[in-house]
Structures are given as C-alpha cells and as structure tokens.
**Student:** 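Please see the structure below; I have some questions.
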Amino acid sequence: SSHVCYVGGVSNNKPKDTRTEEQKKTLETYVKFMLLRNPNIKIAGHYKFAVKSCPNFNVEKWLEDIGIDEKNIL
C-alpha cells in the first residue's frame with residue numbers, strides 16, 4: 001500500500017477541508033500517476049480504516065470529480 005498525507009485538515013480545532021488549489025492539483029497528479037502504474041488499485045480515505053474524519057474531505061466524491069473510475073474507488 002501507499003500512503004499520502006497533506007498538511008492541514010483542521011481549522012479552529014475542527015475538521016475542515018483546508019487543501020489549497022496547489023495541494024489538490026498535486027494530489028490529483030499523484031493519484032493519476034499511481035493509477036497509470038497500477039491500474040487495479042483501490043483508493044480510499046483514511047476514515048475507511050480508522051475511526052477518524054481524516055482527511056476531512058469526501059475522498060470518494062473528489063475521486064469521481066477528477067474522473068477516477070468507480071472500480072478504483074474503495
């Protein structure tokens with residue numbers, strides 16, 4: 001497995017999507033690169049594996065929004 005972290009996700013001690021446009025674009029580039037290398041991978045937010053809200057944005061919706069195929073979304 002591969003893990004990706006971004007700095008942020010909290011505002012005023014509350015969970016919040018604090019990604020910058022640069023962070024979003026970089027994460028999109030990374031995800032799409034990993035899919036080119038490994039076309040059968042599944043992508044998921046940390047909240048799927050731990051009782052936490054991180055990464056504090058809806059990973060599944062974001063993946064759909066950037067054109068990731070449903071078969072790659074956990």
**Student:** Are any side-chain N or O atoms of Lys32 and backbone N or O atoms of Gly67, one a donor and one an acceptor, separated by less than 3.5 Å?
**Tutor:**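 A pair under 3.5 Å: no.
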**Student:** What closest approach, in Å, do Phe57 and Asp17 show between heavy atoms, and which atom pair accounts for it?
**Tutor:**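 Smallest interatomic distance, heavy atoms only, reads CB-OD2, 3.4 Å.
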**Student:** Apply salt bridge (Lys or Arg N to Asp or Glu O under 4.0 Å) to residues Lys24 and Glu21 and explain how you reach the verdict.
**Tutor:** CA-CA 5 Å; Lys24 290 176 185 178; Glu21 290 306 312; 3.5 Å; yes
**Student:** Could you check if a side-chain atom of Gln23 sits within less than 4.5 angstrom of a side-chain atom of Leu27, using non-hydrogen atoms only?
**Tutor:**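 They are not in contact (no side-chain heavy atoms under 4.5 Å apart), so the answer is no.
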**Student:** On a heavy-atom basis, which atom in Gly45 and which in Pro55 lie closest, and how many Å separate them?
**Tutor:**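 Gly45 and Pro55 have their closest heavy atoms at CA-CD, 4.1 Å.
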**Student:** Mark yes when over 12 heavy atoms from residues, nucleotides or ligands other than Lys25 sit less than 6.0 Å from its NZ; otherwise mark no.
**Tutor:**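 Not buried by this count: 12 neighbours or fewer within 6.0 Å.
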**Student:** Any non-hydrogen side-chain atom of Ile41 less than 4.5 Å from a side-chain atom of Leu35?
**Tutor:**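 A side-chain contact exists here, since the closest heavy-atom pair is under 4.5 Å.
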**Student:** Indicate if Met34 and Leu74 have the same hydrophobic cluster label, given that clusters are the connected sets of ILVMFWY residues with side-chain heavy-atom separations under 4.5 angstrom.
**Tutor:**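 Different hydrophobic clusters.
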**Student:** Does Lys71 offer a backbone N or O that forms a donor-acceptor pair with the side chain of Asp69 under 3.5 Å?
**Tutor:**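 Checked: pair present.
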**Student:** Among the clusters formed by ILVMFWY side chains lying less than 4.5 Å apart, do Tyr6 and Phe33 turn up in the same one?
**Tutor:**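 Yes, one cluster joins them.
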**Student:** Look up atom NZ in Lys48 and atom CD1 in Ile73, then write down how far apart they are to the nearest 0.5 Å.
**Tutor:**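 Taking NZ in Lys48 and CD1 in Ile73, the distance rounds to 10.0 Å.
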**Student:** Do Trp62 and Ile68 have side chains that get closer than 4.5 Å, going by heavy atoms?
**Tutor:**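 Counting from C-beta outward, Trp62 and Ile68 never come under 4.5 Å.
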**Student:** Can you find a pair of side-chain heavy atoms, one from Tyr47 and one from Val59, that are under 4.5 Å apart?
**Tutor:**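 They are in contact (side-chain heavy atoms under 4.5 Å apart), so the answer is yes.
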**Student:** Quick check for you: to the nearest 0.5 Å, what is the distance between Glu60 atom CD and Asp65 atom CG?
**Tutor:**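 Output value for this atom pair is 11.5 Å.
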**Student:** Could you name each residue pair satisfying side chain to side chain donor-acceptor pair (under 3.5 Å) that touches residues 37-46, not counting sequence neighbours?
**Tutor:**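 Matches after skipping sequence neighbours: none remain.
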